Amino acid sequence: MTPFRQRVLLSVRRVPAGRVATYGDIAALAGAPRASRAVGNILRECADPATPCHRIVGAGGALGGFGRNLQLKRELLRAEGIEVGLSRIRGFEAVRWRTRRSAR
DNA sequence: GCATTGACTAGGG
DNA sequence: GCCCTAGCCAATG
């Protein structure tokens, strides 16, 4: 478990239910605004049950990925009150989790 | 230490 | 709105 990875997972846990954050947001909270890609690699494992990795989406509301369970990701988000289109979050800006530091 | 990979992003066609 | 390209980063072999 590398320090960066811990910061990323920690940041993901800070996202409240019913809200979503982008890989870039998480990267920024973890201290590396440009490491959105690396964040994806870390979430790819998604081994920690305490980490709501399904709340992390791509910029602009793109679903992103979820391994072989992208379908599940949509259901989880939908269950939290987030409307998901074919490949996008509906009302993304409205449900996007924002804080002083996550705002670019 | 270099090369490859991937749940990314912004910009252009 | 979709496809491609070029940067960017951490993890892995």
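Numbered from 1 within each chain, the chains take letters A, B, ... in sequence-line order. Predicted model, so just to flag it, every value in this text is computed and none were measured. Computed from heavy atoms alone, side chains included, the values below leave out hydrogens, waters and symmetry copies.
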- Message: Return a single string for nucleotides 7-13 of chain C, one symbol per nucleotide in 5' to 3' order, where B is base contact, S is sugar-phosphate-only contact and - is none, cutoff 4.0 angstrom on heavy atoms.
- Response: BBBBS--
- Counting N and O atoms only, with roles assigned by atom type, does the side chain of A:D25 sit under 3.5 Å from a partner on the main chain of A:T22, one being a donor and the other an acceptor? yes
- Message: Is there a salt bridge (Lys or Arg N to Asp or Glu O under 4.0 Å) between A:R78 and A:E75? Walk through the geometry before answering.
- Response: CA-CA 5 Å; A:R78 185 75 184 77; A:E75 290 176 35; over 6 Å; no
- Would you find more than 12 non-hydrogen atoms of other residues, nucleotides or ligands less than 6.0 Å from A:R34 atom CZ? no
- Message: Restricting to non-hydrogen atoms, name the atom on A:A35 and the atom on A:F4 that form the minimum distance, rounded to 0.1 Å.
- Response: CB-CZ, 3.9 Å
- Query: By a strict heavy-atom criterion of less than 4.0 Å, which residues belonging to residues 9-21 of chain A are in contact with DNA chain B?
  - Reply: none
- Note on the structure: On a heavy-atom basis, the closest approach of A:L29 and A:S102 is CD2-N, 4.2 Å
- Of the options A:I56, A:V15, A:V20, which is the one that meets A:W97 in a side chain to side chain contact (heavy atoms under 4.5 Å, CB included)? A:V15
- Does A:I42 reach the side chain of A:T2, with side-chain heavy atoms less than 4.5 Å apart? no
- Query: What integer distance in Å separates A:I89:CD1 from B:dC8:P?
  - Reply: 14 Å
- Query: side chain to side chain contact (heavy atoms under 4.5 Å, CB included) with A:L63: which of A:R74, A:H54, A:R88?
  - Reply: A:R74
- Task: Tell me whether A:V95 is reachable from A:F66 by hopping between hydrophobic residues (I, L, V, M, F, W, Y) whose side-chain heavy atoms are closer than 4.5 Å.
- Result: yes
- Message: Tell me which residues in residues 57-65 of chain A lie within less than 4.0 Å of DNA chain B, going by non-hydrogen atoms.
- Response: A:G58, A:A59, A:G65
- Working to the nearest 0.5 Å, report the span between OG of A:S11 and CD of A:Q6. 11.5 Å
